[in-house]
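Accompanying notes for the structure given below.
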Protein chains: 2
Amino acid sequence: MNNYHELLKSSGLKATIQRLGILEELQKSGHCSIDDIYTTLKEKYPSISLATVYKNIQTLVEKRVIIEVPISGAKSKYELKKQDHIHLICQVCNSVEDESVEVVTQENLMLLAQKDSFILSRSQINLYGVCRNCQG
Amino acid sequence: MNNYHELLKSSGLKATIQRLGILEELQKSGHCSIDDIYTTLKEKYPSISLATVYKNIQTLVEKRVIIEVPISGAKSKYELKKQDHIHLICQVCNSVEDESVEVVTQENLMLLAQKDSFILSRSQINLYGVCRNCQG
DNA sequence: GTCCATGCAAACGATTTGCATGCGT
DNA sequence: ACGCATGCAAATCGTTTGCATGGAC
């Protein structure tokens with residue numbers, strides 16, 4: 001069982017219903033856009049405001065509790081922080097699936113796509129960090 | 001020498017000054033945001049409109065002449081279509097550098113970062129394509 | 001000469017902000 | 001009880017659209 005209450009507290013944040021709802025929805029659905037989250041939470045907590053979702057997503061990303069998954073040609077999605085993995089992003093329905101590959105080679109990616117019946121069009125590998133000029 | 005005139009024609013597009021300017025700027029700078037491009041071209045062609053840059057970027061992405069590089073926490077950048085490579089994205093200045101790695105392993109990525117004096121924080125591997133449900 | 005592309009201004013939609021109130025601690 | 005978080009409405013910003021004019025072919 002997940003203790004998101006504790007996770008929020010240890011990140012220096014109050015454990016509000018809205019925040020717990022966001023984290024539970026991300027756990028349930030895996031990858032969600034802001035609107036996905038708002039629509040789902042609106043059913044459980046009709047008084048929730050879209051601005052609250054925006055503010056919380058921003059806060060949770062800053063605190064590194066969740067991760068932004070920017071998507072070419074669509075709005076960003078968000079996921080709970082977890083160990084490294086690969087995203088299969090559908091350019092038609094914008095769904096995102098997680099997969100793991102030990103060693104990333106052109107061939108392994110093709111096999112991975114094949115396994116999931118995913119028609120692979122292109123891959124993008126991004127490393128985030130701090131460049132030489134911005135250090136110190 | 002690059003013949004962007006020909007590239008545009010073969011993509012079914014008219015070779016206008018504005019489009020040639022966008023491609024040349026991408027070649028010169030590597031990775032640019034919409035605003036980067038607009039600011040630079042505005043100096044050479046003061047009459048250029050921001051709407052024209054938006055329209056052309058959209059058209060060039062659709063025709064697969066350029067590629068969108070969506071960036072976590074910042075606006076997308078764009079690059080000329082070229083062979084597969086890795087992006088080193090600085091979370092401070094948002095610069096993007098290209099690198100190539102034969103085989104992607106945790107260790108190789110760390111060596112790559114080390115070589116460039118890049119402090120690596122996290123990596124994101126995205127495969128774009130069409131999922132099983134959206135085929136046929 | 002034709003048709004697509006440009007530039008402008010207006011429209012639109014997504015995201016942020018300010019502030020009074022509510023709730024977690 | 002204190003102070004952060006929420007919800008609302010207004011403001012802001014990025015992006016798109018419509019249309020008259022210009023330019024590539």
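Below, all heavy atoms of this structure are taken into account, side chains as well, without hydrogens, waters or symmetry copies. A note on names: the letters A, B, ... follow the listed sequences, proteins ahead of strands, and every chain is numbered from 1.
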Give me the atom names and distance for the closest heavy-atom approach of A:Cys131 to B:Cys90. N-SG, 3.4 Å
Sequence neighbours left out, what passes side-chain contact (heavy atoms from CB on, under 4.5 Å) with B:Lys14? Give chain and number order. B:Thr16, B:Arg19
Reckon B:Ser49 has a side-chain N or O less than 4.0 Å from the OP1 or OP2 of C:dT6? no
Shortest non-hydrogen contact between A:Ala15 and A:Leu8, atoms and distance: CA-CD1, 3.8 Å
Sequence neighbours excluded, the answer for ring pair (Phe, Tyr, Trp, His ring centres under 6.0 Å) partners of A:His31 is A:His87
Give every residue pair that meets the ring pair (Phe, Tyr, Trp, His ring centres under 6.0 Å) criterion with at least one member in residues 44-70 of chain B, sequence neighbours excluded. none
Under 4.0 Å protein heavy-atom contact, by nucleotide of nucleotides 20-25 of chain C - B base, S sugar-phosphate only: ----BS
Donor on one side chain, acceptor on other, A:Gln18 and A:Thr52, under 3.5 Å: no
Atom pair distance, as rounded to whole Å: OH in B:Tyr38 and P in D:dG14: 13 Å
Close approaches to DNA chain D from residues 22-30 of chain B, in residue order (heavy atom, under 4.0 Å): none
So salt bridge (Lys or Arg N to Asp or Glu O under 4.0 Å) across residues 112-134 of chain A, not counting sequence neighbours, yields A:Glu99-A:Lys115
Which residues pass the ring pair (Phe, Tyr, Trp, His ring centres under 6.0 Å) test with B:His5, not counting sequence neighbours? none
Counting any heavy atom closer than 4.0 Å, what does A:Thr59 reach on the DNA or RNA strands: base, sugar-phosphate only, or nothing? nothing
Can a side chain N or O of B:Asn56 be found less than 4.0 Å away from OP1 or OP2 on C:dT6? yes
Atom-pair distance (CG on B:Leu41; C1' on C:dA5), nearest Å: 15 Å
The criterion is side-chain contact (heavy atoms from CB on, under 4.5 Å); which residues satisfy it with B:Glu97, sequence neighbours excluded? B:Leu88
So which pairs with a foot in residues 111-136 of chain B pass ring pair (Phe, Tyr, Trp, His ring centres under 6.0 Å), sequence neighbours left out? none
Holding to side-chain contact (heavy atoms from CB on, under 4.5 Å), I want the full list of residues that pass it with B:Glu6, two or more places apart in sequence or in another chain. B:Asn3, B:Ser10
Axis-to-axis angle across the helix from C:dG1-D:dC25 to C:dT25-D:dA1, five pairs each end, nearest 10 degrees, ~ 50°
Let me have a per-nucleotide readout for nucleotides 16-21 of chain D, 5' to 3', with B, S or -, counting only protein heavy atoms under 4.0 Å. BBB---
